[in-house]
Asker: 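To start, I am sharing the structure in question, which I have written as C-alpha cells.
First the proteins, then the strands, lettered A, B, ... as listed; each starts at 1.
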Protein chains: 2
Amino acid sequence: MTRPVTSTDGNDEAQGEHGGQAEGTAVPAGTGPRERPEAAPGSRWPSIRGPRTGARATSRDVARVAGVSQATVSLVMGEKWRGRVSERTADSVRSAARSLGYRPNLAARNLRLGRTRTALLVVPALTNEFFARVYTGAARVAAEQGIGVVLYPSPEGVGPARDPFASARATLDGVIASSMAAEALAALREGGLPLVMLDSDPERAEAATTVNLDLADGMRQVAGHLLALGHRRFVHLAADIDSWTFRVRAAALAEALRGTPGTELSVVRAPLTVADGLRAAEHALTRPGPRPTALICDDDVLAAGTCKAARRLGLRVPDDLSVTGFDDLSLATAVEPELTTVRLPAEEVGEAGMRALMGVLDGGPVAPRLLPVELVVRGTTTVAGG
Amino acid sequence: MTRPVTSTDGNDEAQGEHGGQAEGTAVPAGTGPRERPEAAPGSRWPSIRGPRTGARATSRDVARVAGVSQATVSLVMGEKWRGRVSERTADSVRSAARSLGYRPNLAARNLRLGRTRTALLVVPALTNEFFARVYTGAARVAAEQGIGVVLYPSPEGVGPARDPFASARATLDGVIASSMAAEALAALREGGLPLVMLDSDPERAEAATTVNLDLADGMRQVAGHLLALGHRRFVHLAADIDSWTFRVRAAALAEALRGTPGTELSVVRAPLTVADGLRAAEHALTRPGPRPTALICDDDVLAAGTCKAARRLGLRVPDDLSVTGFDDLSLATAVEPELTTVRLPAEEVGEAGMRALMGVLDGGPVAPRLLPVELVVRGTTTVAGG
DNA sequence: CCAGTCCGGTTTTACGTATAACTAGAGACG
DNA sequence: CGTCTCTAGTTATACGTAAAACCGGACTGG
C-alpha cells in the first residue's frame with residue numbers, strides 16, 4: 001500500500017515535473033513517465049492563452065500556497081471545518097484561495113459526490129410567456145437552494161431531439177417536465193431520474209410526483225360566469241395541441257354547460273398564435289346559423305386574435321360578443337378592452353415543481369399538488385343580447 | 001506489470017466486494033480495505049431505491065458484459081474506433097451498452113476532458129420575449145453542435161446573485177452575456193472564461209467579442225419615417241434602465257432630429273411595463289403646452305401602454321397621435337391598431353452569439369457582428385395634423 | 001527468414017475533489 | 001505514569017472517463 005518514492009503527489013516539495021517544466025530544463029520528449037495531455041501542442045482552448053496561463057488553480061495549488069494539505073483546503077472551502085481546522089489555518093487557506101482566484105472544479109465535485117445540484121426543466125417553448133414564468137419561479141427557488149436549472153433546449157424549429165440528456169450536457173439530479181413536451185417524455189422516463197410532472201394527467205403520471213393547476217375549475221368558473229350573464233350559444237376556440245392541459249379544459253367546459261338546458265357548444269381548433277386565432281374566430285363567427293354570443297379561448301393569444309376578428313367583422317367586444325382568455329399573460333392587459341381571463345399562477349407552478357423535486361431528492365414521498373386558479377373579470381365579457 | 005490476484009478491477013470475475021456485499025456475509029465494519037462511501041446507510045438518494053438498484057451502469061460494467069476492456073468501450077462509445085476496434089467487437093459493445101442502459105457519466109467526461117460543451121447565457125429576464133427569442137436562437141445553434149445552454153438564473157425578484165457560476169452549477173466553456181445584465185458582468189470577467197457580449201458598447205467591450213444590433217440605425221429609420229410624415233413635436237418614451245442598449249437609441253434619436261429645423265423632443269422615462277407606459281404617456285400627453293404628435297417608445301410594451309393612454313384621453317391612434325414601438329414582439333400584432341415598430345432579429349442575435357462563442361473557443365479571432373434592423377410600418381403611424 | 005508494419009485490442013494513468021481512516025501531540029484524569 | 005480524549009490536521013482512495021503508450025500476433029516485402 002505504500003506508494004513508491006517517485007510519487008508525484010502535489011504535497012511533495014521535491015517534485016520533478018509539476019512546476020519544474022517551466023524552469024528551462026528542456027526534457028527530451030517522451031522521457032518522463034507520462035506527458036500531461038494538455039501539454040500537447042495541438043490542444044484547443046488552453047493553448048491559445050499560453051501554455052499554462054489561464055489554467056485554473058486547483059485545491060492542491062491552494063494547499064501548497066497555504067502550507068496545508070489538499071484535504072484541509074477541501075474542508076475549509078466546503079464549510080465543513082468547524083472543529084476540524086483552526087481558525088488561523090482556515091483563514092490562511094481562504095486568503096490563499098482568494099489570491100489564486102481559486103474556484104472549485106464543479107466537474108470534479110460532481111463526479112466525486114455523484115450529484116450535481118442541477119435540475120432539468122423541460123418545457124415546450126420559452127417564448128410562451130407562461131413557461132417563461134414557470135422557469136422564473138423554478139429558478140427562484142433553485143437559486144435560494146443553490147441549485148442550478150438547465151432547460152431542455154427544445155426551441156421551436158429544432159425538432160424533437162433524440163435524447164434530452166445529450167443536449168443538456170450537464171449531469172442532472174432530477175427533472176421537472178411539462179406534459180406538453182410529450183415527445184421527450186419517453187426518453188425522460190428511460191433516464192431513470194427523479195421526475196416531477198407539471199400539468200399532467202394524474203392517471204398516467206405513474207410514479208412521478210405531479211404539480212397541477214386546477215384547470216377544470218378554471219373552465220368551470222368561465223362557464224359559470226358566462227352562463228350567469230345569460231349566454232347560451234358558445235364556441236370553444238381550442239388549442240390545436242393534443243395535451244392533457246387542453247383536453248381537461250375541453251372536458252370541463254362541456255361538462256359545465258351540460259348542466260344548463262338550451263346551451264349550444266361548438267369547438268374550433270387553432271394553433272396558439274394571434275393570426276391563427278383570428279382566422280379561426282372569423283370562421284366560427286361567419287358560418288351559417290345563429291351567431292354565438294360568447295367565445296371561450298384556450299389562451300390569451302387566441303383571445304386577442306378573436307377580438308381582432310370581431311372588430312374586423314364589425315362586432316363590438318363585449319357588447320356583441322363576449323370573449324374569454326386563459327393564462328392571464330401580460331398580453332391580457334395590453335389589449336383593449338382588457339381580457340376577461342383565468343389567472344394561472346405560473347411562477348408558483350415552477351416554485352412548487354422545484355420544491356417537489358427537492359422533496360423527492362430528499363427521499364419523498366411528496367404529495368401531489370393542485371394549485372387553484374382564479375377567474376379575472378375584465379372588459380371582454382358582458383351580458384348576452386347586446 | 002502483471003496485476004496481483006486480489007485485483008478489484010471490473011474485469012476480474014471473482015471480485016470480492018462489488019456485488020458480494022448484498023449476499024448476507026455481514027463483514028465486521030472496518031475489515032475490508034476501504035468501504036465505498038455509497039454503501040453507508042445514511043446516504044440520500046441512491047438508498048431509497050434499494051442498495052444498488054438505480055445505480056447507473058459504468059463503462060466498466062459494459063466492458064465486463066461485452067468481454068472487453070474499459071478502454072475499448074470508451075473508444076466505441078466515443079465513435080473513435082475506426083480502424084482501432086473490429087466491427088464485431090464494436091457491435092458487441094454497443095449491444096451490451098444498450099442492454100445495460102448505459103449512459104456515459106458526463107461529470108466524469110467533463111472532468112477528464114476539461115471542457116463541458118456547455119455555454120452560459122446571461123440575460124436579464126426570460127419573461128421579456130426578446131430574450132426568450134435570443135435564447136431560442138442560441139439553443140438552436142447549440143443543439144446542432146451538441147452544446148448545452150445554461151441560463152444565468154436571474155429571474156426578477158431573486159436579486160443580483162453574487163456569483164453567476166455558483167448558481168449555474170454546470171461547469172462552463174464560455175459565456176454569452178447581454179449588456180443588460182450589468183451586475184453580473186464584473187464577476188463574469190473575473191471568471192476568465194471566453195466571453196461574447198450581446199448589445200454592448202463596443203468601446204467598453206474590451207477583449208470580448210461583440211454581437212450587436214444596429215439600434216442607432218433603427219431609431220434613425222423611425223425618425224426618418226415620422227419626419228417624412230410631417231411630425232415635428234416628439235416625445236421619446238424611454239426605458240428606465242441605464243444600459244447601452246437604450247442609451248444608443250436616445251442618442252441616435254436626438255441626433256436624427258437635430259438635422260431638421262423646428263423639431264421638438266422631450267424625454268419621459270418609464271419601466272418596461274404596459275401600466276407604467278400608460279402612466280408615463282398620460283403624463284406626457286396632458287402636460288401644458290402644445291401636444292406632441294408622435295410618441296416614440298423604446299419598446300412595444302411601452303407603445304401598447306401609450307395606445308391605451310391615448311384612447312383613455314380620447315385621442316385616436318394614429319389620427320391624433322402617431323406611436324412607434326421597438327422590438328416587434330408578438331404583442332405588436334396582437335393589439336389594434338397593429339404597432340409600427342422596429343423589427344429586431346432576436347433569434348439571429350442568439351444564433352450569432354453562439355456561433356461567435358464557438359469561434360472564440362476554436363481559437364478566434366472572431367469579427368464583431370452588427371445585425372441590421374428594419375422598420376415595420378403598420379397601423380399606429382400616419383401623417384401629422386389629423 | 002527476418003525486420004517492419006498493421007490490426008485489434010489492453011494497461012495504465014490523470015483529471016480535481018470529498019471524505020473515511022488514520023495520527024501526532026497536548027492535556028486531563030484516575 | 002499509563003490511558004483516554006480532544007484538537008488539528010494528514011494520508012490515501014475512489015468517483016467514471018479518455019487517451020497515450022504499449023503489446024502480441026498476423027501479414028508483408030525484400
Asker: From the list C:dG8, D:dA18, D:dG16, which nucleotide is the closest neighbour of the side chain of B:S86?
Answerer: C:dG8

Asker: What is the distance from CZ of B:R112 to P of D:dC15, rounded to the nearest Å?
Answerer: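 Computing the B:R112:CZ to D:dC15:P distance gives 17 Å.
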
Asker: Identify which nucleotide among C:dC15, C:dT19, C:dT11 has an atom closest to any side-chain atom of B:L111, counting heavy atoms from C-beta outward.
Answerer: C:dC15

Asker: Compare the minimum distances between each of C:dA18, D:dT17, D:dA18 and the side chain of B:S74, then state the nucleotide with the smallest one.
Answerer: D:dA18

Asker: In whole angstrom, what separates B:R84's CZ from D:dA21's C1'?
Answerer: 10 Å

Asker: Less than 4.5 Å apart, any side-chain heavy atom of B:L100 and any of B:V65?
Answerer: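 Yes, their side chains come closer than 4.5 Å.
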
Asker: Using the closest heavy atom to pick a nucleotide of DNA chain C for each, name whichever of A:A71 or B:A90 lands nearer the 5' end.
Answerer: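 Nearest-nucleotide comparison on DNA chain C picks B:A90.
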
Asker: Assuming nearest nucleotide by heavy-atom distance, tell me which of B:A108 and B:L75 is located more 5' along DNA chain D.
Answerer: B:A108

Asker: Compare all side-chain heavy atoms of A:L151 with those of A:Y135 and state whether any distance is below 4.5 angstrom.
Answerer: yes

Asker: What's the closest nucleotide to the B:P104 side chain, out of C:dT17, D:dT17, C:dG8?
Answerer: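 From the listed options, D:dT17 comes nearest.
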
Asker: Going by an N to O cut-off under 4.0 Å, is there a salt bridge joining A:R94 and A:D91?
Answerer: yes

Asker: Does A:T72 reach a base, just sugar-phosphate, or nothing at all? Heavy atoms under 4.0 Å.
Answerer: base

